[in-house]
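Before any comments, here is the structure.
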Amino acid sequence: MSGVVPAICVNALHKHFGETRALDGVSLEIEPGAFFGLLGPNGAGKTTLISILAGLTRASSGTASIMGHDVVTDYRQARRALGVVPQELVYDPFFNVRETLRIQSGFFGLKHNDEWIDEIMHHLDLMPHAEKNTQSLSGGMKRRLLVAQALVHKPPVIVLDEPTAGVDVDLRRSLWAFISRLNHEGHTILLTTHYLEEAEALCGRIAMLKSGHVVALDETRNLLKLTNEHCAQLRLNATSIPPALQSRLVSGGDGNWRFNFSEYADLEALMAELRGAGIQVLEMRLQEPDLEDVFTDIMKRA
């Protein structure tokens with residue numbers, strides 16, 4: 001990627017709120033056209049980082065840029081290159097959906113933008129609600145409107161901060177279909193989400209934050225290799241298990257038990273121990289390691 005300007009570049013970023021260090025030396029680069037995941041527990045610094053990128057707050061030190069434009073010294077171009085879908089439902093109750101999107105276009109000096117507005121509304125299923133006042137929309141429709149507002153000026157970089165929090169399955173599917181299409185067309189996507197299965201399916205590269213630090217940064221497939229822990233979910237005709245299996249137990253109760261194992265030879269030993277204790281396996285389901293397992297492991301170690 002030598003010579004290519006990063007879509008997002010963050011270098012030694014610090015942000016302090018009094019004695020609280022929301023960001024403590026965060027550095028990362030996101031290449032153009034990437035689908036990048038930013039993960040972390042509540043309070044890790046994700047929203048603070050997005051606020052700095054969007055120009056909503058100033059870093060205590062360090063630099064950040066969007067498509068090569070510094071978010072402080074070249075803020076107009078930086079903001080024009082960025083579309084942000086915030087986590088909170090924010091809307092203007094005095095306009096309908098189409099008016100809201102036209103006004104948003106005006107913020108970026110765009111005239112005669114109705115063709116793109118119609119396309120956005122079509123893909124987000126907002127067209128039937130185009131003339132409705134935003135105050136009368138359901139929570140899911142307000143979420144769709146926020147996405148539409150972020151896209152109205154066709155930004156090359158799109159930030160999605162928990163975009164599917166509290167929305168229905170249909171919106172989730174239509175949203176990801178549309179966002180994936182934009183990504184295939186060359187838009188850079190930065191996603192924060194607590195739905196780790198979404199991040200695993202969509203993101204080619206992931207950074208994990210904890211307490212303002214980057215504790216993991218790699219391609220998703222490489223992160224998934226960091227753990228070899230498999231999971232066996234068993235339904236047993238037992239209310240307790242042999243003491244020798246306690247170290248492998250993840251959770252259990254009401255006849256349903258989950259055990260971790262590293263190799264399939266360990267699974268045979270587990271089954272032999274159950275048979276020796278006269279415990280019958282009524283049902284078994286094996287699960288491969290997923291991003292949630294990796295995330296949990298990294299957060300514990302960090």
Side-chain angles (χ1 to χ4, degrees), residues 7-8 10 13 15 17 20-23 26 28 30 34-59 64 66 71 78-79 81-93 97 100-101 104 107 120 124-126 134-135 137-153 155 157-176 178-180 182-183 187-203 206-212 214 291-292 295 299:
I8 295 176
V10 173
L13 211 60
K15 179 60 180 177
F17 295 98
T20 302
R21 296 190 175 191
L23 297 175
V26 171
L28 57 86
I30 302 175
F35 205 129
F36 192 94
L38 185 65
L39 307 180
N42 292 332
K46 305 185 299 296
T47 300
T48 300
L49 177 56
I50 290 172
S51 297
I52 291 172
L53 293 174
L56 299 176
T57 188
R58 288 276 188 101
I66 310 293
V71 298
R79 293 180 193 178
L82 185 68
V84 178
V85 181
Q87 186 173 345
E88 297 81 10
L89 289 177
V90 182
Y91 62 94
D92 193 321
V97 170
T100 298
L101 296 178
Q104 187 76 11
F107 290 153
I120 294 173
L124 293 173
D125 296 325
L126 283 168
T134 56
Q135 196 169 19
L137 298 177
S138 67
M141 288 300 164
K142 288 172 183 172
R143 179 73 62 187
R144 295 175 197 226
L145 179 57
L146 288 178
V147 175
Q149 285 182 270
L151 300 177
V152 79
H153 61 295
V157 181
I158 302 166
V159 174
L160 307 169
D161 190 7
E162 298 286 350
T164 56
V167 302
D168 58 48
V169 174
D170 287 339
L171 170 56
R172 193 169 293 175
R173 287 176 177 170
S174 62
L175 173 61
W176 290 134
F178 187 36
I179 293 299
S180 295
L182 292 174
N183 180 239
H187 292 263
T188 304
I189 312 296
L190 173 60
L191 167 69
T192 79
T193 180
H194 283 104
Y195 298 107
L196 298 188
E197 69 276 11
E198 289 183 347
E200 182 175 345
L202 295 165
C203 300
I206 287 174
M208 296 184 185
L209 293 182
K210 183 175 182 181
S211 302
V214 176
L291 190 60
E292 184 171 344
F295 179 83
M299 291 300 122

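Residue numbers count from 1 along this sequence.
Under the 4.5 Å side-chain criterion, counting only non-hydrogen atoms from C-beta, Val157 is not in contact with Leu190. Considering only heavy atoms from C-beta on, His194 comes within 4.5 Å of Asn42 through its side chain. Contact check for Arg172 versus Glu198: side-chain heavy atoms found under the 4.5 Å cut-off. In this structure the side chain of Leu202 reaches within 4.5 angstrom of the side chain of Trp176, judged on heavy atoms. Here the side chains of Ile206 and Leu291 are in contact, with some heavy-atom distance below 4.5 Å. The side-chain heavy atoms of Thr47 and Asp161, taken from C-beta on, include a pair separated by under 4.5 Å. Using a 4.5 Å heavy-atom cutoff, the side chains of Lys15 and Arg21 are not in contact. Proximity of Phe35 to Thr188: side-chain heavy atoms (C-beta onward) are nowhere separated by under 4.5 Å.
Contact record, Leu53 with Leu82: O-CD2, 3.5 Å, taken as the closest heavy-atom pair. Nearest heavy atom pair, residue Leu196 against residue Thr193, reads CD2-O, 4.2 Å. Of all the heavy atoms in Ala81 and Pro155, the pair that sits closest is O-CB, 3.7 Å. The shortest heavy-atom contact between Ile66 and Ile8 is CD1-CG1, 4.0 Å. Listed here is the closest heavy atom pair of Val152 and Ile120: CA-CD1, 3.8 Å. Taking each heavy atom of Ala148 and Leu126 in turn, the nearest pair found is CB-CD1, 4.0 Å.
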Exercise for the section: Show the numbers, then the answer: is there a side chain to side chain contact (heavy atoms under 4.5 Å, CB included) between Leu160 and Val84? Expected result: CA-CA 6 Å; Leu160 307 169; Val84 178; over 6 Å; no

Practice task
Run the numbers on Met208 and Met299 for side chain to side chain contact (heavy atoms under 4.5 Å, CB included), then give the verdict.
Solution key: CA-CA 9 Å; Met208 296 184 185; Met299 291 300 122; 3.9 Å; yes

Exercise for the section: Report the C-alpha distance between Leu39 and Thr192 in whole Å, list the side-chain angles of each, state the deciding distance to 0.1 Å, and finish with yes or no for side chain to side chain contact (heavy atoms under 4.5 Å, CB included). Expected result: CA-CA 6 Å; Leu39 307 180; Thr192 79; over 6 Å; no

Problem - side chain to side chain contact (heavy atoms under 4.5 Å, CB included) between Leu145 and Met141, worked out - result: CA-CA 6 Å; Leu145 179 57; Met141 288 300 164; over 6 Å; no

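The backbone N or O of Ala22 lies less than 3.5 Å from no partner atom in the side chain of Thr20, so there is not a single donor-acceptor pair. Judged by distance alone, the side chain of Lys210 and the main-chain N or O of Ala44 form no donor-acceptor pair under 3.5 Å. The closest donor-acceptor contact from the side chain of Arg143 to the backbone of Gln87 lies under 3.5 Å.
In this structure, Ile179 CD1 and Leu151 CG are separated by 5.5 Å, a value rounded to the nearest 0.5 Å. Between the NE2 atom in His187 and the CG atom in Leu182 there is a gap of 5.0 Å [rounded to 0.5 Å]. Note that the CG atom of Asn183 and the SG atom of Cys203 stand 9.5 Å from one another [nearest 0.5 Å].
In the model, His153 has no side-chain atom that pairs as donor or acceptor with a side-chain atom of Gln104 under 3.5 Å.
Looking at Leu146, Leu191, Ile158 one by one, the single match for side-chain contact (heavy atoms from CB on, under 4.5 Å) with Pro163 turns out to be Leu191.
Here Lys46 does not pair with Glu162 in a salt bridge; the nearest charged N to carboxylate O distance is not below 4.0 Å.
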